[in-house]
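Read the structure below first, then the notes.
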Amino acid sequence: AQTVTQSQPEMSVQEAETVTLSCTYDTSESNYYLFWYKQPPSRQMILVIRQEAYKQQNATENRFSVNFQKAAKSFSLKISDSQLGDTAMYFCAFILISSGSARQLTFGSGTQLTVLP
Amino acid sequence: NAGVMQNPRHLVRRRGQEARLRCSPMKGHSHVYWYRQLPEEGLKFMVYLQKENIIDESGMPKERFSAEFPKEGPSILRIQQVVRGDSAAYFCASSSEGWRGQPQHFGDGTRLSIL
């Protein structure tokens, strides 16, 4: 079974600064995707960024980037130039992609990020 | 709006009643997933469906819960004889493919409250 661990229940950052959210996962498989989802106070689930495990290059999406360390099974999210609108709960998620395997997302418990003015 | 549509946004039921939650996937998506989010927790997988088929229901309680995704119309998550512990946010997600890592796009969720 796959597990996803987010060890930081809460974090805060000053507006315009950079913050890194941690995520580790456990799997014996080699083909999978990792995602970061954002859940603002409106409670929507918004996809922030995704990373294919077979790609060594770290994914980036504007101010959001990841540090993917496959051997260490670590997948951290870096938010640069933090904005007030980044205040949200952030969930790390994992999915296997091999045919016949479980296809559901496995989520971590989340990190509540607060951006301070 | 071409996104995943869930309704109702909020649903209030008394203990013992039935709750029906609806989900229309994004246009072109034939894979639907239901997740439950209890207060202060992450999302937990319940069931995965394709049109007219349940592919994986390993996360769904064996009793009182059922799901369907008919050939025509939305996917339905049904909870019979609701209890207080069913109070949660229920999210539906859809994707274009089930196993190639295509991102799952989420609806806004249905908040179920049991009185």
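Every heavy atom of this structure was used, including side-chain atoms; hydrogens, water molecules and symmetry mates were not. Quick note on labels: first sequence line is chain A, next is B, and so on, each numbered from 1.
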Under the side chain to side chain contact (heavy atoms under 4.5 Å, CB included) criterion, do Gln39(A) and Phe91(B) qualify, and how do the steps go? CA-CA 12 Å; Gln39(A) 189 176 44; Phe91(B) 286 90; 3.4 Å; yes
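More than 12 heavy atoms of other residues, nucleotides or ligands sit less than 6.0 Å from atom CD of Glu52(A). Heavy-atom neighbours of Arg63(A) CZ from other residues, nucleotides or ligands within 6.0 Å: above the threshold of 12. Within 6.0 Å of the CD atom in Gln81(B), the count of heavy atoms belonging to other residues, nucleotides or ligands does not exceed 12. Counting heavy atoms of neighbouring residues, nucleotides and ligands inside a 6.0 Å radius, atom NZ of Lys51(B) exceeds 12 of them. Around the NZ atom of Lys70(A), the shell of radius 6.0 Å holds more than 12 heavy atoms that belong to other residues, nucleotides or ligands.
Of all the heavy atoms in Ser58(B) and Gln104(A), the pair that sits closest is OG-NE2, 4.3 Å. Contact detail for Phe91(A) and Gln37(B): the closest heavy-atom pair is CZ-NE2, 3.5 Å.
Between chain B and the options Met89(A), Gln6(A), Gln44(A), heavy-atom pairs under 4.5 Å are most frequent for Gln44(A).
Looking at Thr106(A), neither its backbone nor its side chain comes within 4.5 Å of chain B, counting heavy atoms on both sides. Neither the backbone nor the side chain of Gln112(A) has a heavy atom closer than 4.5 Å to any heavy atom of chain B.
No donor-acceptor pair closer than 3.5 Å links the side chain of Tyr33(B) to the backbone N or O of Leu105(A).
Residues Met45(A) and Ile95(A) share a hydrophobic cluster, clusters being chains of Ile/Leu/Val/Met/Phe/Trp/Tyr side chains in contact below 4.5 Å.
Separation of atoms OH (Tyr37(A)) and CD (Gln104(B)) is listed at 5.5 Å; rounding is to 0.5 Å.
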